[in-house]
Amino acid sequence: MDVSALQTTIHPEDDVLAAVRARVGQTVSVPDAGVSALLSHLADQRGVRHAVLLGTAGGVTAAWLLDGMDPRGIVTCIEPDTRRHALMGDSVAELGIADHIRLINGHPDETSARLSDGNYDLVVVQLDEPTIELVTIAARLLRVGGMVVVRHASAGADDVAAALASTPWSQPVVLSDGNGTVLAHRDRDPE
């Protein structure tokens, strides 16, 4: 059995989420079943109540996070692309998760100021080309004890994994999932 088949066997999606994944996956990079399940597991194990997505992935990530989060949880999604923002809105309605989603259209460097610093348990950076600036925004939003997950860390010009490794507040782990997913725990305030 190949790994992707094993992942979908262990972590199956319901028909609605599978349909959303298939539809949005035609135009947006969505996390595979393994990364999706990992995010849900992290949300569950860490008792996540407040999460932020920098880039929406069409709603797939939000649905998986909410599956593992505290039932009162809210996922704040910042999406700079207006087409992807609309796609996320459609997915949220289709998935029936609107009560747990705060959707903001705009670039994170302009719109993240609307969010409270140090208030979030988990920040997922999943824009197509993550930058060191996005990691800095994520660090600002995270509470001590929170975690940042960067998808596509190897894409773009910035070496996001190296930037995280050089910060005094985190100890990153790079997953060998082929997409350069990096996890980092914020264990203290930046010095």
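- Between R83 and T27 there is a side-chain heavy-atom pair separated by less than 4.5 Å.
- Distance alone, capped at 3.5 Å, places no donor-acceptor pair between the D187 side chain and the G145 backbone.
- The backbone N or O of D109 lies less than 3.5 Å from no partner atom in the side chain of S112, so there is not a single donor-acceptor pair.
- Here the straight-line distance linking atom CD1 of I104 with atom CD of E110 works out to 12.5 Å at 0.5 Å rounding.
- Using a 3.5 Å distance cut-off with no hydrogens or angles, the side chains of S36 and R21 do pair a donor with an acceptor.
- Residues D44 and M69 form no side-chain contact, since every pair of their non-hydrogen atoms from C-beta on lies 4.5 Å or further apart.
- Smallest separation of non-hydrogen atoms from A19 and E94: CB-OE2, 4.4 Å.
- One finds the OG1 atom of T136 at 8.5 Å from the CG atom of L134 (value rounded to the nearest 0.5 Å).
- For R186 (side chain) and A139 (main-chain N/O), a donor-acceptor pair under 3.5 Å exists by modelled atom type.
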Trace of the side-chain contact (heavy atoms from CB on, under 4.5 Å) decision for L142 with V148: CA-CA 8 Å; L142 280 177; V148 62; 3.9 Å; yes
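- Two residues are said to be in side-chain contact when any heavy atoms from C-beta on lie closer than 4.5 Å; V150 and T181 fail this criterion.
- Here the straight-line distance linking atom CZ of R151 with atom CG of D32 works out to 8.0 Å at 0.5 Å rounding.
- Each of T61, V35, V24 was evaluated against V30; a single residue qualifies, V24, per the side-chain contact (heavy atoms from CB on, under 4.5 Å) test.
- Residues S40 and L65 fail the side-chain proximity criterion, which asks for heavy atoms closer than 4.5 Å.
- In this structure, the side chains of V52 and V124 stay at 4.5 Å or more apart for every pair of heavy atoms.
- Taking CG of L95 as the reference point, atom CD1 of I101 lies at 8.5 Å (rounded to 0.5 Å).
- Put simply, the side chain of S116 never gets that close to the backbone of N119: no donor and acceptor are under 3.5 Å apart.
- Contact check for D70 versus V48: no side-chain heavy atoms found under the 4.5 Å cut-off.
- Pairing each heavy atom of H152 with each of S29, the nearest pair is CE1-OG, 3.0 Å.
- Side-chain atoms of Q126 come within 3.5 Å of backbone atoms of G55 as a donor-acceptor pair (strictly under, hydrogens ignored).
- Residues A153 and V182 share a closest heavy-atom pair of CB-CG2, 3.5 Å.
- Using a 4.5 Å heavy-atom threshold, the side chains of L66 and V75 count as touching.
- The closest donor-acceptor contact from the side chain of E79 to the backbone of R84 lies at 3.5 Å or more, if one exists at all.
- No donor-acceptor distance shorter than 3.5 angstrom exists from the side chain of D158 to the backbone of V160, with no hydrogens or angles considered.
- Atoms CG and OG1, on L103 and T76 in that order, are 9.5 Å from each other to the nearest 0.5 Å.
- Note that NE2 of H100 and CD1 of I97 are 8.5 Å apart. Values are rounded to the nearest 0.5 Å.
- A donor-acceptor pair is defined here as one N or O able to donate and one able to accept, closer than 3.5 Å; such a pair exists between the side chain of D121 and the backbone of H50.
- Although no hydrogens or angles enter the test, the distance criterion places no donor-acceptor pair under 3.5 Å between the side chain of R140 and the main chain of D117.
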